[in-house]
Amino acid sequence: SLCRRACPFPFCEEHKTPGLRPHTLTALSTHNPHLHYSVPIPTQPQFRDIAQPTPTMKVWVGNITVETTTPQLFDAFSSYGKILNILHRGRYAFLEFAEDSMAEAAVALSGTMLGGQQIEVASSKHQDKTSLPRRGPVTVFLAGLPEDCDLGALRDALTGLSEVPVGNIAREGNMVTVAIADPAKAADCCIDWSDKQILESTVKAFVGVKYQKRNPSSPMNMPPAVPVLLSVTRDVVGALIGREGATISRLNEETSTKVSIQKPAHGFEERMITITGNTLANVTRAVERIASIMIENGPESTTSLRVFLPYECVSHVIGKQHSSLNKIKEKSQAEISLVEGLPTLGPIPFDVSGVAEAIAAAFSGMYRKIAAVHSSSMRRGGYAPGELLPDLHLETTRVVVPNGVVKYFIGKGGATIKAVVKEFQASVRVEGEDGGDPTSTRTIFIRGTPYQQNLVQNAIFERLKEHLDGSFQVWMMIPARAVGSIIGRGGERIRSMATQTKAQIWIRENEAKETYVDIVGDFVATQVVQNHIRALMGM
């Protein structure tokens, strides 16, 4: 028999017992005088106890917005302990802590709001994998420095604390970033700089790596697919505007959006709010701020905001058997309900209730669906028939404007109108000749889906509203057979539309024997009337 300690000889008196005794290979030299080893052999075999859990020092953070920055992630999780590095990959990230207890405590942030969205936090399944790239420069983030610190003096201070060469130094948010050429030495820099007094401030240092997609375009980076339309009760309008417009001006500046509160000319009990912005994230922040102001000036800790969605996209937001809408409600923790009993079917109103963060998250979820539809459809040159709703048709409208202000929509060399055609893929042209009389009118021809009609008409209104008297006039071409459905028995329907919206509505016929609805009112009222007419015609 062989020795249990894998002795090379058939039997060994020293190892004949079943126990594992401490010894060294030097003892084996008694069997062979030519062996002279002095390497110690361990007392017990080095097997890891499989019952012992792997230390959890890294967490996974999911469902974050693409606009969320690395400093924002650090600010959200730094209260749970020392963060060594952050690997940021668009919609998710990995955060590595110094101790496993810190990572376990950070999981408690799952379900909270970050950047207007409810995030998910869990222990990472890849504890043994490094978060740092093997090559190329990496970034070390320094938190705790004053915003106006001298970057030149900072470079000198960092060089004095570490022997690692310091690359480019820049500011990102409320932090300072330092480029390190060798990823293997970035962790050494964090050790040398973290918790040190630098420029009279206690600094926290961590490594941050953010991977960008090759094609960064996504619905969240796009402008909202349609002008955002909200409504609020009249009693909060004063708080939203503020003294001499200070609150709404600050709101526009902080969110990089244009928030406009419409005059109550259309006769609704509520005031309409339009929001325009370059990105959906900016508009979402504006919605969250509006909801916060309403809560601050209300009796309860929650509020309700009415959001109007485009008629053609509601089916995508709701989904089959309300699946999409239920997911949005679950993630945002907001109450979302379709407003019923209103005569108009578009824009479709939804009541969104909850805390400000939940309302913003619900709004973001709904408009992300709309932006995705808008993006894919416009790349194909417009909506395909039946893509959004069955039997969706192209329609023709004409916007009537004074002759003297048409030039502001045409732009220099036709630049403005060409940009509108390129962006919205609708047929747009100015009709008639400039007779030199500024008091006469000209028409802007629009051919496209109802969705494109809304987009183009809003572009015209935004461009010309400073030159108009507050009213907007649209001719909506309709088939002659639809006149009875629009007017209703004894004119009941058309009178109801006019009473509700305070718009003036006529059924007319032009010289070419084309039937159209002449609508005059404020911009919101004209859009409500057009969508009501579409619903009556079954479009």
Side-chain angles (χ1 to χ4, degrees), residues 223-224 226-232 237 240-242 244-268 271-278 282-283 286 290 308 347 397-424 426 428-432 434-446 452-475 501-504 518-530:
V226 295
V228 175
L229 186 64
L230 313 174
S231 70
V232 297
V237 172
L240 291 174
I241 296 176
E244 298 180 353
T247 302
I248 196 169
S249 297
R250 186 167 57 252
L251 171 62
N252 291 335
E253 182 179 355
E254 291 176 352
T255 61
S256 300
T257 60
K258 178 64 180 299
V259 179
S260 302
I261 300 179
Q262 304 291 329
K263 295 181 180 180
H266 46 72
F268 290 156
R271 295 287 291 274
M272 308 302 295
I273 298 177
T274 58
I275 308 176
T276 55
N278 293 329
N282 290 344
V283 177
I290 290 172
F308 291 81
T397 63
R398 287 178 170 89
V399 177
V400 183
V401 297
N403 187 36
V405 302
V406 169
K407 59 184 179 182
Y408 298 109
F409 178 68
I410 296 176
K412 187 175 181 180
T416 302
I417 192 171
K418 289 177 182 177
V420 170
V421 171
K422 182 177 180 180
E423 182 176 2
F424 303 126
V428 185
R429 66 175 184 268
V430 177
E431 298 179 317
D434 184 1
D437 183 5
T439 61
S440 62
T441 60
R442 297 177 69 181
T443 56
I444 302 176
F445 172 93
I446 308 171
Q452 292 166 320
Q453 292 284 346
N454 182 276
L455 294 170
V456 175
Q457 290 180 32
N458 180 76
I460 296 172
F461 174 71
E462 289 295 327
R463 190 72 180 179
L464 303 181
K465 64 182 179 180
E466 296 180 357
H467 308 283
L468 301 176
D469 59 359
S471 64
F472 194 72
Q473 185 174 6
V474 181
W475 295 349
T501 63
K502 299 302 180 184
Q504 297 175 296
D518 189 355
I519 311 167
V520 180
D522 65 34
F523 177 75
V524 174
T526 61
Q527 302 306 301
V528 171
V529 172
Q530 288 179 76

* Structure fact -> For Thr501 and Ala525 the tightest heavy-atom approach is O-CB, 3.6 Å
* Asked: Is Thr276 close to Val228 at the side-chain level, that is, under 4.5 Å between some pair of heavy atoms?
  -> no
* Where do Val400 and Val474 land on the side-chain contact (heavy atoms from CB on, under 4.5 Å) test, with the steps shown first? -> CA-CA 6 Å; Val400 183; Val474 181; over 6 Å; no
* To do: Search all heavy atoms of Thr247 against all heavy atoms of Gly242 and return the closest pair with its distance.
  => OG1-CA, 3.3 Å
* Of all residues at least two apart in sequence or in a different chain, which pass the side chain to side chain donor-acceptor pair (under 3.5 Å) check with Glu253? -> none
Mind listing the side-chain donor-acceptor pairs of residues 462-473 below 3.5 Å, one per line with the distance, residues two or more places apart or on another chain?
unit_1 : atom_1 : unit_2 : atom_2 : d
Glu462 : OE1    : Lys465 : NZ     : 3.1
Arg463 : NE     : Tyr408 : O      : 2.9
Asp469 : OD1    : Ser471 : N      : 3.2
Asp469 : OD1    : Ser471 : OG     : 2.7
Gln473 : NE2    : Asp518 : OD1    : 3.0
Gln473 : NE2    : Asp518 : OD2    : 3.3

* **side chain to side chain contact (heavy atoms under 4.5 Å, CB included) partner of Leu240, chosen from Leu251, Ile273, Val259** => Ile273
* For Gln530 and Gln453, run side chain to side chain donor-acceptor pair (under 3.5 Å): C-alpha distance rounded to whole Å, both residues' side-chain angles, the deciding distance at 0.1 Å, then the answer. => CA-CA 10 Å; Gln530 288 179 76; Gln453 292 284 346; over 6 Å; no
* What's the shortest heavy-atom distance between Ala503 and Ile519, and which atoms? -> CB-CG2, 4.4 Å
* Asked: What heavy-atom pair brings Gly404 and Lys407 nearest, and what distance separates the two atoms?
  -> O-CE, 3.5 Å
* Asked: So, Arg442 and Glu431, do they make that salt bridge, N to O below 4.0 Å?
  -> no
* Would you name the heavy atoms of Gly413 and Lys418 that are closest together and state the gap between them? => O-NZ, 3.7 Å
* Asked: Which residues satisfy the side chain to side chain donor-acceptor pair (under 3.5 Å) test with Thr526, sequence neighbours excluded?
  -> none
* Under 3.5 Å, is there a donor-acceptor pair between the side chain of Asn252 and the main chain of Ile248? -> yes
* side-chain contact (heavy atoms from CB on, under 4.5 Å) assessment of Val399 paired with Gln457 -> CA-CA 8 Å; Val399 177; Gln457 290 180 32; 4.1 Å; yes
* Asked: Got Thr274 and Phe523 here, is their nearest side-chain heavy-atom distance under 4.5 Å?
  -> no
* Structure fact -> Residue set satisfying side-chain contact (heavy atoms from CB on, under 4.5 Å) with Glu244, at least two apart, ordered chain then number -> none
* **For the student: nearest non-hydrogen atoms of Val283 and Thr257, plus distance** => N-CG2, 3.9 Å
* Can you name the side chain to side chain donor-acceptor pair (under 3.5 Å) partners of Asn282, sequence neighbours left out? -> Thr279, Arg285
* Can you name the residues that form a side-chain contact (heavy atoms from CB on, under 4.5 Å) with Ile241, not counting sequence neighbours? -> Val237, Ile261
* Quick one: does Ile410's side chain get under 4.5 Å of Thr416's, heavy atoms only? -> no
* Distance in Å, Leu230 CG paired with Phe308 CZ, rounded so as to fall on 0.5 Å steps -> 8.5 Å
* Show your reasoning for whether side-chain contact (heavy atoms from CB on, under 4.5 Å) applies to Ile290 and Ile275. => CA-CA 11 Å; Ile290 290 172; Ile275 308 176; 4.0 Å; yes
* Indicate yes or no: at least one non-hydrogen side-chain atom of Val420 is less than 4.5 angstrom from one of Ile460. => no
* Are the side chains of Phe409 and Ile417 in touch, meaning some heavy atoms are under 4.5 Å apart? -> yes
